[in-house]
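These notes concern the structure reproduced below.
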Amino acid sequence: MFKSVNGILHVEDVSVTELAEKLGTPLYITSKSKLESNLKAYKDAFPEAGLLYAVKANNNLSIMRIIAKKGFGADVFSAGELYMAMLSGFKPEKILFNGNSKSDEEIRMGIRTGVKFSVDSIDELYSISEIAVEEGKEVDIAFRINPAIDPKTHPKIATGLRTSKFGIPWENVLDAYRLALELPNVIPVGIHCHIGSQITELSPFVEALNRLFDIAVKLEEMGIEVKFLDLGGGLGIDYEGKGAPTPKDFAKAIMPVFEKRCRELKSKPELWLEPGRSIVGDTTILLTRVNAVKRSYKNFVAVDAGFNLLIRPAMYGAYHRVAVANKMDMPAEEVYTIVGPICESGDVLAEDRKLPKVEKGDLIAIFDAGAYGFVMSSQYNGRPRCAEVLVDGSNWFVIRERESFYDLIGKQVIPDFLL
Ligand SMILES: *Cc1c(COP(=O)(O)O)cnc(C)c1O
């Protein structure tokens, strides 16, 4: 899906140099067939599971539409994500409303839309029950547990540690279910956890799944029918070219445990998963043009995209593979550090990479930018956000237009006395 043709990087059958000439840079470019093959990999590996795409990874409407059309549900973390998920065609009964700090307005919108809730606190449980009564609706809920598991990933994306802000400590969660049984209009039907992101060791998932079953057994004793066990998302992708588990490997690790432990239960719950990164991460490149090459403390390559468009390197020290997109056949000669245009020394996209000789005007492709890329972008330093393009074979479509200066000031209001 990403290949070199006569030394030029192509996304499917479209040359990125042509896209850059027609549309300008920077540009996010997504391969539709790569996205579809990732969706298929999950469906093949987990034919019976409930697959909910984690909207926060990439909320472009066209991309989400492709995902929704393949029958995926959605995991949303805010009313805004719920709005976008509904617009993209996800079915409300296949949407789980997550979040550790939902406002009453968000809860009401979720209830009116008819989605299920992952409940993160007792306060939230009371709010949902009260609002559900007001709305005259019954709401299916799961509690998000804090399983106290180390997912062995970057600390900022480990979400199931005992110290994390998410979920209800698993040791106390039975009390929460008991309360849910007493409160009107909330029906406990599932258990939810999400231990972290970019996880490349599978044993923490097995540990978390066992935790869910331990609780499910107790819930059945309390008379609750457990309809789903939601193991969350978090499967890592191969940013560094060192290999990462596939959905198939993931299934091999967890499905035997799932089948075995289901025998302890009277009912057979569905397994739910909430992949984000492993659906969209490797579908997309960020294409950026070189404005200047400078020999200083290091060989700096200054490009037109920075942490305003891809914050992962600055925020998580993340590694993204890079290539000189118009010199794919040339031998790597020199070591370069790729930096963005932002007025911060932390604006480094890739450090000490051996690349073909880089010159002003060259194009740099940053790979695996489809997850937590555009969604985390900002207008910092007065930079309008870039466009997004979807490639399908030899066709391409602008799926988000480049912002203009007007978008920088769009919602600002100058009080009369300053005019
Ligand atoms: C972020 C998140 C996901 C998706 O995580 P990935 O690592 O992108 O797969 C799933 N579920 C919840 C609750 C999340 O917060």
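In listed order, ligands and their atoms are each counted from 1. These numbers come from a predicted model, not from an experiment.
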For the pair E240 and R321, evaluate salt bridge (charged side-chain N to carboxylate O under 4.0 Å, His left out) and give the outcome as yes or no after the intermediate values. CA-CA 7 Å; E240 301 186 36; R321 286 178 299 121; over 6 Å; no
Any N/O of D75 closer than 3.5 Å to an N/O of ligand 1? yes
Is there side-chain contact between Y42 and I279, with at least one heavy-atom pair below 4.5 Å? yes
Does the ring center of Y239 lie less than 6.0 Å from the ring center of F367? no
R144 to ligand 1: N or O pair under 3.5 Å? no
For the student: nearest non-hydrogen atoms of A244 and G236, plus distance: CB-O, 4.1 Å
Going by the atom numbers of ligand 1, which of them fall below 4.0 Å from some non-hydrogen atom of F77? 15 (O)
For atom 11 (N) of ligand 1, the protein heavy atom that lies nearest, with its residue and separation: E274 OE1, 2.5 Å
Distance filter under 4.0 Å to R277 heavy atoms, resulting ligand 1 atoms: 6 (P), 8 (O), 9 (O)
The atoms of ligand 1 lying under 4.0 Å from a heavy atom of N98, numbered in the order shown, are 13 (C)
Between the side chains of D352 and T337, is a donor N or O closer than 3.5 angstrom to an acceptor N or O? yes
For G234, the ligand 1 atoms with a heavy-atom partner under 4.0 Å come out as 5 (O), 6 (P), 7 (O), 9 (O)
Within the 4.0 Å heavy-atom shell around P275, which atoms of ligand 1 are there? 9 (O)
Return the closest protein heavy atom for atom 14 (C) of ligand 1 as residue, atom name and distance. K56 NZ, 2.8 Å
Modelled atom types, side-chain donor and acceptor of R144 and N98, under 3.5 Å: no
Closest heavy-atom pair, L355 versus V324, reported as atoms and distance to 0.1 Å, is CB-CG2, 4.1 Å
Starting from atom 8 (O) of ligand 1, what is the nearest protein heavy atom, named by residue and atom, and what distance separates them? Y372 OH, 2.5 Å
Of all protein heavy atoms, the one nearest atom 5 (O) of ligand 1 is H194 CE1, 3.4 Å
Taking 4.0 angstrom as the limit and counting only heavy atoms of A54, give me the atoms of ligand 1 inside it, by number and element. 3 (C), 4 (C), 10 (C)
May I ask you to check whether F143 and Y177 place their ring centres under 6.0 Å from each other? yes
Please list the nearest protein heavy atom to atom 7 (O) of ligand 1 with its residue and the distance rounded to 0.1 Å. S197 OG, 2.3 Å
